[in-house]
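Every chain is numbered from 1 and lettered A, B, ... according to where its sequence line falls, protein lines coming before strand lines. Remember, predicted model here, so these are calculated numbers, not experimental data.
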Amino acid sequence: MTEKRQFRAIKGTRDILPPDSALWNWFERTAREVFETYGFRDIRLPVFEETALFARSIGADTDVVSKEMYTFEDREQFRVAHPLSVVDVILIDEAVAEAWQHGRIPRTPANEAEVLRLHEACRNIEREGIPAVLRFLDSVRNLALGDSLTLRPEATASVARAYIEHGMHTLPGNVKLYYVGPMFRRERPQKGRYRQFYQVGAEVLGQSDAPGIDAEILEMLVVLFDRVGLAKTTLFVNSIGCRECRPKYVELLRQELLKVKDHLGTDSQRRIETNPLRVLDSKLPEEQPVIEKLPRIADHLCGACRQHFAELKDELELRGIAYQENWRLVRGLDYYTRTTFEVTAEGLGSQNAVCGGGRYDGLVELLGGPPTKGIGFAIGTDRAILSLQEGPNQPKLPGLAVFIAWMGTKAYPTAVAIARKLRACGLAVEIPPEETKFKKALGLADKLGARYALIIGEDEVASGTYTLKRLADAEQKKLNESDLLEYLESERRGSGA
RNA sequence: GUGAGCGUAGCUCAGCUGGUAGAGCAUCGGUCUGUGGCACCGAGGGUCGUGGGUUCAAAUCCCAUCGCUCACCCCA
């Protein structure tokens, strides 16, 4: 008897089914097309990396790293079967001893204690019997043999790692890369937030931090959102300064917050110590008057940052990009400097950001690479799709073009041959694998949303002309094979399919 | 991690204060053996999330558990 329980997608993951998957593909394809027109090229990255990469880049103190990552140990040795005899145990014991000697077991204090315990258990097997064997097996299992790996919670760190690893700083000009794929974060799911979620993002890495780079990236975003028809998006920009001026501002902010501490809620009071910038993000209505009076970072930027931000805004004007300056827009990740930005859209519930990004001039160096400037963004695909589906601009995506209704053993070979030719023209064609009455076939064609039904019976085969019926208005015409191919191919181009 | 709401057919849901399951849509078949959408008729499909308790009797009341959803924390 097989088990009756049903398998289900695990919490925070989901299946994207047709027809939704078509919308997803179209969105990602459009992003690729737009990005490529801006000179970006695809980078395919692993979905997991050394845990330390994320800890270093995102910041070990952030929630993302401290409690929201899918981290696992990459074990590869001592996945031993249960020992069948005392001899087996002794053999395993010897193998462990040798591995320890040669450093194949990482020499951590925990492992050292485990190895000692394991040897002790082995020695006592004759005297104690089963309990010692169980202790022994426990210790074998507890050995932490592999590297700590983590499913990527975001991709910027991976891009930076790849940039360094492949010496991309020697490439001519700025390195412009985009990526598309899943990310993983172990959070409580809610609207627009999943444990496996998808992003499309882009990064520019190189020697220059010219505001024109920032502006171009924002232009590219606006163009993309416009092209996919995302409704009611708003671009917010801010500058959060650099390593020079930001710490001074944060300290000033902390001092000011302490003065008004009594007017803040418990969450914000806690943030005064943990991350004062986040207080600015608070949505609590009663805190708003207090927050409005707090010092603003724009007034405390160093000369260079102030100029950079001013030039960015000039560049945005120049490009005719609508934006709102939002002094309360801060980023949670440690590596951001200067320019930060976010795009919000409608229909998303409380998680209304579809895109976030910013400049991270110190990141590559932090990861051991050469001094490098960088800026990038990530679009939350789940949210973009959600907003698209709730918005007014539903793209019409081409579906099935032709359903071939055939009857009679003489018609079948002709139908199969024509199906292949139509498909070779790029048309989506469905052909029933077994004889189906025209009535039923037409009904199916209709339900599948086909634009045309091609009717092939004994008569058509005999005359060499086939009946093409347009399902929308029931108009029929008789065409020979070459006219048919020509007609449908021009129809395909016309429908943009 | 915290809080709230909800779990009845593939989907959306009804089933009032307990009397052992129903509708619409969808699917399949028929009316209609070379032509779809409409209409009519019919069929299949549920151990009412799971386990326990109260009761003569539980989808309904109680407890537990699992799951889903939304919000908070945090963040894209």
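Taking the side chain of M407(A) as heavy atoms from C-beta on, and the options rG34(B), rC68(B), rA76(B), the nearest nucleotide is rG34(B).
For a distance-only test at 3.5 Å, the side chain of R193(A) qualifies as a donor-acceptor partner of the base of rC74(B). You won't find any donor-acceptor pair under 3.5 Å spanning the side chain of Q351(A) and the base of rA71(B), going by distance alone. You won't find any donor-acceptor pair under 3.5 Å spanning the side chain of D446(A) and the base of rG37(B), going by distance alone.
The side chain to side chain contact (heavy atoms under 4.5 Å, CB included) check on E216(A) picks up Y38(A), K176(A), R319(A), with sequence neighbours excluded. Checked against ring pair (Phe, Tyr, Trp, His ring centres under 6.0 Å), F377(A) has the following partners two or more places apart in sequence or in another chain: F35(A). With sequence neighbours excluded, no residue forms a ring pair (Phe, Tyr, Trp, His ring centres under 6.0 Å) with F236(A). Taking N174(A) as the reference, nothing meets the side chain to side chain donor-acceptor pair (under 3.5 Å) condition, with sequence neighbours excluded.
Each ring-ring contact (aromatic ring centres under 6.0 Å, His included) pair with one or both residues in residues 388-415 of chain A, not counting sequence neighbours, appears once here: W406(A)-Y412(A). Among residue pairs with one or both ends in residues 444-492 of chain A, none qualify as ring-ring contact (aromatic ring centres under 6.0 Å, His included); sequence neighbours excluded. The stretch residues 152-164 of chain A participates, sequence neighbours left out, in these side chain to side chain donor-acceptor pair (under 3.5 Å) pairs: E49(A)-S158(A), E49(A)-R161(A), E154(A)-Y335(A), T156(A)-E203(A), R161(A)-E165(A).
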Are S148(A) and E73(A) close enough, and set up right, to give a side-chain hydrogen bond (donor to acceptor under 3.5 Å, both in side chains), and what steps lead you there? CA-CA 5 Å; S148(A) 178; E73(A) 189 197 339; over 6 Å; no

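Within the nucleic acid shown, A453(A) has no heavy atom closer than 4.0 Å to any nucleic acid atom. Contacts of R271(A) with the nucleic acid, taken as non-hydrogen atoms under 4.0 Å apart, involve only primed sugar atoms and P, OP1 or OP2.
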Review item, nucleotides 30-32 of chain B N/O atoms under 3.5 Å of protein N/O:
from: rC32(B); atom 1: O2; to: K439(A); atom 2: NZ; distance (Å): 2.8

Nucleotide N/O of nucleotides 26-28 of chain B paired with protein N/O under 3.5 Å:
none

Pairing string, 5' to 3', for RNA chain B - Watson-Crick or wobble contacts under 3.5 Å, brackets [ ] where pairs cross, | to another strand: (((((((..((((.....[..)))).(((((.......))))).....(((((..]....))))))))))))....

Using a 3.5 Å cut-off and no angle test, enumerate the donor-acceptor pairs between side-chain atoms of residues 429-445 of chain A and protein atoms at least two apart in sequence or in another chain.
from: E435(A); atom 1: OE2; to: G408(A); atom 2: N; distance (Å): 2.3
from: T436(A); atom 1: OG1; to: E434(A); atom 2: O; distance (Å): 2.8

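The stretch residues 458-473 of chain A touches RNA chain B through E458(A), D459(A), E460(A), K469(A), L471(A), A472(A), each having a heavy atom under 4.0 angstrom from the strand.
OP1 or OP2 of rC74(B) has not a single side-chain nitrogen or oxygen of R188(A) nearer than 4.0 Å. Contact annotation: Q190(A) side-chain N/O to rA71(B) OP1/OP2 distance is under 4.0 Å.
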